[in-house]
Each structure stands twice: as structure tokens, then as C-alpha cells.
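Below is one structure, written out as C-alpha cells, with a few remarks after it.
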Protein chains: 2
Amino acid sequence: MDFCKDSSAGYLANHMARLFALGLAERIRPLGLTPGQFPALLELWEKDGQSQKDLVAKLDVEQATLANTLARMERDALILRRPHPGDGRVQQIWLTEKARALRTPALEAAMKTNANALGAMNAGEQAEFLRLMRLAIAALRGERG
Amino acid sequence: MDFCKDSSAGYLANHMARLFALGLAERIRPLGLTPGQFPALLELWEKDGQSQKDLVAKLDVEQATLANTLARMERDALILRRPHPGDGRVQQIWLTEKARALRTPALEAAMKTNANALGAMNAGEQAEFLRLMRLAIAALRGERG
DNA sequence: TTTCATTTAATAGCTCGCTATGCAATATTA
DNA sequence: TAATATTGCATAGCGAGCTATTAAATGAAA
């Protein structure tokens with residue numbers, strides 16, 4: 001059977017994602033952030049006070065994964081969980097001042113990592129690359145729910 | 001600052017890689033395999049008896065990561081570690097018959113996952129996608145060692 | 001109202017990345 | 001040859017993903 005890892009989309013996707021995460025980790029470590037916190041922060045910088053369920057829906061991550069990530073973020077004083085006034089099941093997630101202040105440097109770090117990764121592509125190729133990744137994501141998501 | 005997750009290569013790469021891993025995991029679970037074992041198996045199906053160091057060089061993962069993966073594979077009776085006859089530091093990695101027998105169904109599972117992910121692309125787009133991922137990998141690797 | 005179902009979040013336990021460190025075997029050098 | 005450096009691998013500990021289960025609060029229904 002002919003199977004070459006360098007012609008396997010899945011193999012390349014895994015390799016690429018690991019390198020992206022390492023590059024980002026290096027850049028945001030001085031800020032006290034980790035790559036897994038980034039997606040949650042992006043949503044919370046947009047609007048905090050959301051419930052865990054709200055975030056889960058937007059991030060396409062399992063509820064348990066997010067619960068653990070939020071626990072680490074609370075430990076690191078990036079967020080506060082406060083009970084929802086009208087529904088005792090819900091915890092609202094609020095950013096700390098510390099987390100708010102990290103927005104600009106964190107986004108800069110992410111943009112630098114992206115720019116480095118795409119540095120060898122022209123503008124058309126970059127756009128095409130993003131488009132094809134979105135296509136693959138849609139196809140893979142379709143397979144599941 | 002304008003930062004949209006759906007226009008961030010790193011965000012998309014992470015999302016895509018997670019979905020690839022889930023799709024593959026589902027398909028190889030009946031075989032008793034997990035996605036992390038795949039890269040090592042690919043190398044060992046080519047040629048076993050290699051040392052851990054040999055595999056590390058080919059896989060671009062850290063030595064400790066591979067050591068743990070190999071420990072799970074040994075536990076699952078996929079490999080045997082035998083001391084190298086001429087150098088007491090080295091452990092040679094040998095496939096079991098069980099692992100050899102899994103080659104064809106495992107590769108089929110991987111190819112199905114890839115085909116599904118790329119199903120909405122024509123042949124030219126698929127080739128371009130792989131090329132652009134290899135470009136990004138090269139750029140991200142260049143940043144490090 | 002009491003019971004049962006649903007919803008929200010947390011917890012347990014696994015894989016598989018990473019860094020940092022330790023240990024034994026081998027090589028090198030003073 | 002004795003001391004030191006290097007090499008190959010294992011282990012510890014953490015982050016971040018997953019599934020499965022549990023607990024508590026709310027809602028619905030008998």
C-alpha cells in the first residue's frame with residue numbers, strides 16, 4: 001500500500017498545528033498565557049459575563065475541556081466565575097483587569113506567529129490556504145454532528 | 001485590534017488538526033490503535049529494529065513524547081523493546097505480529113479520513129493544499145532549530 | 001407537592017504533546 | 001587508568017484535548 005506521510009493531509013495538519021502551538025507558546029509565555037487559553041480569551045475579550053455553555057458553543061471544544069481550561073485560567077487570575085443571579089446552575093465568566101490588559105500584546109503575538117508561518121506565501125496563496133482549511137474543517141465537522 | 005479567529009491560520013490549523021485526529025480515532029478504535037501511535041507505526045512498518053533515537057529524528061516529536069508513546073504501544077502488545085547487542089544504551093524497537101497485521105486496515109482508515117476531509121476539493125486544490133501546508137511547516141520549523 | 005427529566009457544570013481518567021531532570025552506558029581526555 | 005563528557009532512554013509533571021460519569025439546580029408533569 002502506498003502511503004506517504006508527506007502526502008497525508010492528516011499527518012501534515014497534525015504536524016503544522018503542533019508547530020503553530022509551539023510558536024505561539026513561545027511568544028505568549030512572557031505574558032503568562034498558554035495556547036489553550038487563547039480561544040476562550042478571544043471570546044471573552046469580545047464580551048465577558050458569558051456562561052460556560054455559551055463559550056462551548058462558540059469554540060467547538062468539549063464542555064469538559066473548557067471547564068478544565070477555565071479552572072487553570074481562574075487559578076492564574078485571568079478570569080472570575082460568579083454565579084448567575086437568576087439561574088443557580090450557571091456560572092458567568094468575567095475577565096480580570098490582568099486579562100483585559102493582555103489583549104493587545106497577546107493578539108500581536110498571534111499575528112506574528114501567523115505572519116511567520118505564512119511568510120513564504122503571497123497574498124493570494126494565503127487567502128487560498130485559509131479557504132482550503134475552512135473547507136476541510138467543514139467536511140470533517142460534517143462527518144460528525 | 002482586528003483579529004478574527006476564522007482568518008487566523010493558527011486557529012484554523014488547531015481546529016482542523018483536532019478534527020482530523022477525532023476522525024482517525026473513530027476509525028482506528030476498532031483496531032485497538034490511537035492516532036498518536038500512527039506516526040511511529042508508519043516508520044516501523046517501513047523498517048523495524050530501529051532505535052528510539054532513529055524514530056525521533058524522523059518524526060519531529062520530542063524524545064520524551066516518543067518514549068511515552070512507545071511505552072503505551074508496548075503495553076498494548078504492538079511493539080517489543082530489545083536491547084541492542086552492541087550498545088547497552090540502545091533499545092531496538094520491533095513490531096509484533098499483531099502490529100504487522102494492522103498495517104492494511106490502519107492505512108485504509110487514514111486514507112478514508114483524508115479523503116473525507118478533502119472531499120470538497122478538486123485534485124488541483126488538494127495538491128495545492130498539501131503544498132501550502134508543507135510551506136507553513138517549513139516556515140514554522142525554520143523559526144526554531 | 002412530589003417526582004421525574006433536563007440542563008449546567010465539575011470531576012475522573014485517558015492520550016499525547018511539551019520541558020526538565022535523572023540514570024546508566026559509552027566515549028573522550030587528562 | 002581515572003575523571004569527565006556525551007549519549008540514549010526513562011520519568012516526573014504540566015497543558016489541553018477527549019469520553020464518561022456525577023452533582024446540583026431548574027423545569028415539567030403526575
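Every chain is numbered from 1, with letters handed out A, B, ... down the list of sequences. Note that the structure is a prediction, hence the values are computed from the model and not measured.
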Would you call the rings of A:F38 and A:W45 parallel, tilted or perpendicular, taking 30° and 60° as the class edges? perpendicular
Strictly below 4.0 Å: does B:S51 bring a side-chain N or O up to OP1 or OP2 of D:dG8? no
After noting the C-alpha distance and the side-chain angles of A:E43 and B:K5, does the key distance pass the side chain to side chain contact (heavy atoms under 4.5 Å, CB included) rule? CA-CA 10 Å; A:E43 299 300 335; B:K5 64 185 188 182; 2.9 Å; yes
In residues 41-48 of chain A, which ones come under 4.0 Å of DNA chain C, going by heavy atoms? none
Length of the OH-P vector between B:Y11 and D:dA16, whole Å: 14 Å
Apply side chain to side chain contact (heavy atoms under 4.5 Å, CB included) to residues B:R72 and B:T69 and explain how you reach the verdict. CA-CA 5 Å; B:R72 284 187 291 271; B:T69 298; 3.4 Å; yes
Please determine if B:E26 and B:K112 form a salt bridge, counting it only when a charged side-chain N lies under 4.0 Å from a carboxylate O. no
For the residue pair B:R18 / B:N14, report whether a side-chain donor-acceptor contact shorter than 3.5 Å exists. yes
Contact check, residues 82-115 of chain A vs DNA chain C, heavy-atom distance under 4.0 Å, returns A:R89, A:V90, A:Q91
With a strict under 4.0 Å distance from non-hydrogen atoms of chain A, what nucleotide opens and what nucleotide closes the contacted stretch of DNA chain C, reading 5' to 3'? C:dT7 to C:dC18
Would you please test A:M73 and A:I93 for side chain to side chain contact (heavy atoms under 4.5 Å, CB included) and show each step? CA-CA 10 Å; A:M73 293 173 73; A:I93 313 293; over 6 Å; no
Could you check if a side-chain atom of B:M133 sits within less than 4.5 angstrom of a side-chain atom of A:H15, using non-hydrogen atoms only? no
side-chain hydrogen bond (donor to acceptor under 3.5 Å, both in side chains) partner of A:D87, the single match among A:R89, A:Q91, A:H84: A:R89
With sequence neighbours excluded, what pairs up with A:R27 under the side-chain hydrogen bond (donor to acceptor under 3.5 Å, both in side chains) test? A:T113, B:E143
On a heavy-atom basis, the closest approach of B:A120 and A:L135 is CB-CD2, 3.9 Å
Would you kindly give the CG-to-P distance between A:N14 and D:dC18, to the nearest whole Å? 14 Å
Among residues 57-76 of chain A, which ones have heavy-atom contacts with DNA chain C below 4.0 Å? A:Q63, A:A64, A:A67
Please find the pair of heavy atoms, one from B:K47 and one from B:Q50, that lie closest to each other, and give the distance. O-NE2, 2.8 Å
Minimum-distance pair of heavy atoms, taken over all atoms of A:A21 and A:P35: O-CG, 3.7 Å
For B:L78 and B:Q37, the nearest pair of non-hydrogen atoms, with its separation, is CD1-OE1, 3.6 Å
Expected list for residues 20-29 of chain B near DNA chain C, using heavy atoms below 4.0 Å, is none
Apply side chain to side chain contact (heavy atoms under 4.5 Å, CB included) to residues A:L42 and A:E46 and explain how you reach the verdict. CA-CA 6 Å; A:L42 282 177; A:E46 280 294 313; over 6 Å; no
A:L130 and B:A9: which non-hydrogen atoms are nearest, and at how many Å? CD2-CA, 3.8 Å
